[in-house]
Structure formats: structure tokens, C-alpha cells
Amino acid sequence: MNNKTILITGGAGFIGSNFIPYFLKNYNTVKVINLDKLTYAGELSNLKEISTHENYVFVEGDICDRNLIEQLFETHDFDAIIHFAAESHVDNSIEKPDEFIKTNIFGTFNLLDVAKNHWMESSNKFKPGCESKRFHHISTDEVYGTLGETGLFTEETSYAPNSPYSASKASSDFIVRSYFHTYGMNVVTTNCSNNYGPKQHNEKLIPTIIRKAINGEQIPIYGDGKNIRDWLYVLDHCKGIDLVFQNGISGETYNIGGRNERDNLYIANKICELLDEIKPGQQSYKKQITFVKDRPGHDFRYAIDASKIESELGWKADENFETGIKKTINWYLDKYKN
Ligand code: NAD
């Protein structure tokens, strides 16, 4: 890892802004260039702890802008790309899929293609010194579609994306795969389950539950609240990315998930219970939970079999939902206190 220069895309978003400080803290000779368009989901204040770090540079720009990516490659001679940038909110993809197609599919292609031209002489032949240059694609378990009551997603599960968001991520995964098979590029992909933790955008489920609860508003839960996700604390995801980035086998994909399946109603009740202890009101926050019309095409259940990353790379989640959610609530109470 010594003296590597890494292009991180989407570093001002939720996971990227947890990953960059973690990465700079662990590897003190790594240089990070964070390229982010600062869409509504990008928040530079999430990076204030490292904004003046000597090994950190922020560049505002779009991954779809080919000239900009070319220029960045000329200036920095990147050793790797860790690609987080995406449109990531399923509800927005239902309302307005256009940006998802552009950023998630075309943007990923653009980065890959520029990287290929800079790192590869021809198919399966690296330019001298570029042999270990790697493209790490950050993806989601939503590409696998939905599960019934039983079963788990493994790396062998067929893709069956159901929303414009997951379809755009699935497409990007395939483009990454093709650059390995066609050009022999050094790529890895991680498909992770739902993350939660500090710095997540207000629009997402857990920040919404906390914010609405303490503001005395109704806490909206889709349908009957029985949809299940496999929740992973964001720093456990960051640790998994780090392991795969460093030790994952080129061309392989790795599922990351915390074996913490919880349904949405459980999540809302648990957060309300904890808030009742930490910040008691006149009545339990649970009274504010309200069921609202379900999201169209709402996948019933996602759950990850993380055996591959656990056994091959020695990863394991440090937090379970009950420990991670306490830290998360405290972070948001601090954020929302004004
Ligand atoms: P996010 O929406 O919080 O952040 C996305 C970031 O990308 C933002 O800072 C945004 O400004 C930036 N961005 C968007 N379009 C861009 C463009 N065209 N050019 C440059 N920057 C752009 O997303 P997140 O939750 O941090 O997710 C990061 C990655 O992880 C995504 O690829 C997502 O698919 C994947 N993922 C997320 C989760 C989750 O639970 N959040 C789970 C699995 C995988």
C-alpha cells in the first residue's frame, strides 16, 4: 500500500465519507484524490476531519466527464480506482431513472475505459509498471433481486434486478466484468447489503426514523413493515472493501453482509425503544409509527451469504445491528440537536 495514489469516486457520499478517513488513518503514505460531483447526496462537511490532510485532494466533477477523467489520470498517475460514485436511492430511481442510467452505467464505463487506456498496452498486456493497478467497483446485493422467506445470495446467484437503481448497478457490474474477461484488466467487485451508520443522507430509512421520531412527526413505514434487509454497519463495509481491495483475486466478486436480517418494523421499533431510553418523551416514540403505501416493486427480502469473504479473506463484521444502531442514533442525535 506504500505511496499509492488512489482515485476515489463519490467520496462525499455516505459510504465514501466513512471510507476515506478510515483509509487515510490506516495507511499514512496513501494519497487519495476524491472526485465527487456533489449532487444533493454529496456532503463535504462529512469529510471535515480530513479536509486539510496532506494526502487528501478534493476535486469537484462528474465521472461522466471524459476530459476531466483523462486530465486527472495525466496529473496523478493513479495506482487504483475505488469507485463509490452512484445515484443510490431506489425511490428516486422510480421517479426519475435518467440520472441512474447516466451515472451508474455510463459513468462506470467512462472510468473503466480511461483506466484501461492508461494501464493496458493491449488486451491482457499491462503497460510496464501497471501490473498491479486495480479497479475496485462498489456494488450492491440488490442486483440479485429478491428472496423469499429462506435462502441467501451467494456470488453464484443469478442477477435479477427489479428497480431502475438495481438494474443500473447490475449493468455496471457486467461492464466491469467484461473489462476483466475482454481486456484482462485487474478488477474486483464487492456486492454489499444495506449499510447504516453516521453520515447517511436524511432521505434513507434509518435517518428518517430517527429524525421524524425526535421531531414528533409520523414515522413512515412502507406496506406492512415486513420487508427484510441484511443490515451492515458502514465501518464493517469499509473494512471489507479494504480487504478485497488489497487481497481480493482479480476478476472475482465478493459479497459483504453482516448476517443481521431485520425487518423494517423491527428497525423502527428498536430505534424508538432506544430513543425512549436516551431521550424520553411524554409517550413512547413507537406511537408515531405509521404504515404508508408500499413502494412499487418493493423487494421482499435481501440476505447475504458472506462465507467467501469470511473464509478467503478473514473478514467478519465487528458490529451486530443492536450495537451498531446505538452508535448511529447517538451520531444523529448530535447532528439533529440544533
Ligand atoms: P450516496 O448516494 O450517499 O453517495 C453517492 C456519492 O456519489 C455522492 O457524494 C454524490 O455526490 C456522488 N455522485 C453521484 N453522481 C456522481 C457523478 N456523476 N460523478 C461524481 N460523483 C457523483 O451513496 P452511498 O450510500 O455512499 O453508496 C456508495 C456506493 O455504494 C454506491 O455505488 C452504492 O450503489 C453502493 N452501495 C450502497 C449501499 C448502501 O446501503 N448505502 C449498499 C451497497 C452498495
Side-chain angles (χ1 to χ4, degrees), residues 7-20 22 33-47 58-66 68-69 72 81-93 96 98-111 135-144 153 161 163-173 176 189-207 229-238 240-241 244 253-258 260 267 299 302 304 306 324 328:
L7 174 62
I8 292 188
T9 68
F14 165 44
I15 303 172
S17 66
N18 279 282
F19 183 78
I20 295 175
Y22 162 86
I33 316 299
N34 173 18
L35 171 64
D36 196 297
K37 187 179 173 185
L38 297 182
T39 67
Y40 78 96
E43 184 50 74
L44 274 187
S45 64
N46 281 341
L47 289 161
F58 175 69
V59 178
E60 184 173 345
D62 191 333
I63 57 168
C64 299
D65 179 346
R66 180 111 190 180
L68 172 65
I69 310 296
L72 289 173
I81 301 181
I82 306 179
H83 174 38
F84 293 89
E87 287 291 335
S88 72
H89 192 43
V90 176
D91 288 345
N92 295 344
S93 83
K96 211 174 170 299
D98 318 40
E99 285 302 314
F100 288 73
I101 306 302
K102 257 188 250 158
T103 288
N104 299 0
I105 305 177
F106 181 72
T108 301
F109 156 74
N110 213 23
L111 290 165
F135 187 98
H136 184 145
H137 181 52
I138 308 296
S139 194
T140 166
D141 62 351
E142 301 196 26
V143 297
Y144 298 121
F153 297 134
S163 72
Y165 164 64
S166 53
S168 67
K169 292 297 292 187
S171 308
S172 65
D173 292 8
V176 173
T189 297
T190 41
N191 295 86
C192 188
S193 59
N194 276 48
N195 284 214
Y196 68 99
K199 305 181 180 177
Q200 191 166 26
H201 193 274
N202 279 343
E203 69 189 353
K204 299 285 169 84
L205 179 70
I206 287 177
R229 300 291 179 264
D230 184 352
W231 291 93
L232 184 69
Y233 190 64
V234 62
L235 276 178
D236 281 325
H237 185 191
C238 294
I241 292 169
V244 173
T253 65
Y254 295 84
N255 285 353
I256 311 180
N260 269 265
I267 305 269
D299 286 338
Y302 305 141
I304 286 266
T328 306

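Everything numeric in this text was worked out from a predicted model, so none of it was measured. All ligand and atom numbering here is 1-based and tracks the order in the structure.
- Residues Y302 and E142 have side chains that bring a donor and an acceptor to within less than 3.5 angstrom of each other.
- At the shortest separation from atom 25 (O) of ligand 1 among protein heavy atoms lies F14 CD2, 3.6 Å.
- Neither the backbone nor the side chain of S17 has a heavy atom within less than 4.0 Å of ligand 1.
- In summary, the atoms of ligand 1 found under 4.0 Å from a heavy atom of T39, numbered by their order in the structure, are 10 (C), 11 (O), 14 (C), 15 (N).
- Heavy-atom distances between Y40 and ligand 1 stay at or above 4.0 Å for every pair.
- Between N18 and N195, the side chains place no donor N or O within less than 3.5 Å of an acceptor N or O (distance only, hydrogens not considered).
- At a heavy-atom cutoff of 4.0 Å, ligand 1 is contacted by the backbone of L38 but not by its side chain.
- Of the heavy atoms in K169, only side-chain atoms (C-beta onward) come closer than 4.0 Å to ligand 1.
- On a distance-only criterion, N194 and ligand 1 share no N/O pair closer than 3.5 Å.
- Taking atom 42 (C) of ligand 1 as the reference point, the nearest protein heavy-atom neighbour is S193 O, 3.3 Å.
- Nearest-residue assignment for atom 5 (C) of ligand 1 (options S88, A12, A86, C192; heavy-atom criterion): A86.
- In F106, neither the side chain nor the backbone holds a heavy atom less than 4.0 Å from any atom of ligand 1.
- Between H137 and T108, the side chains place no donor N or O within less than 3.5 Å of an acceptor N or O (distance only, hydrogens not considered).
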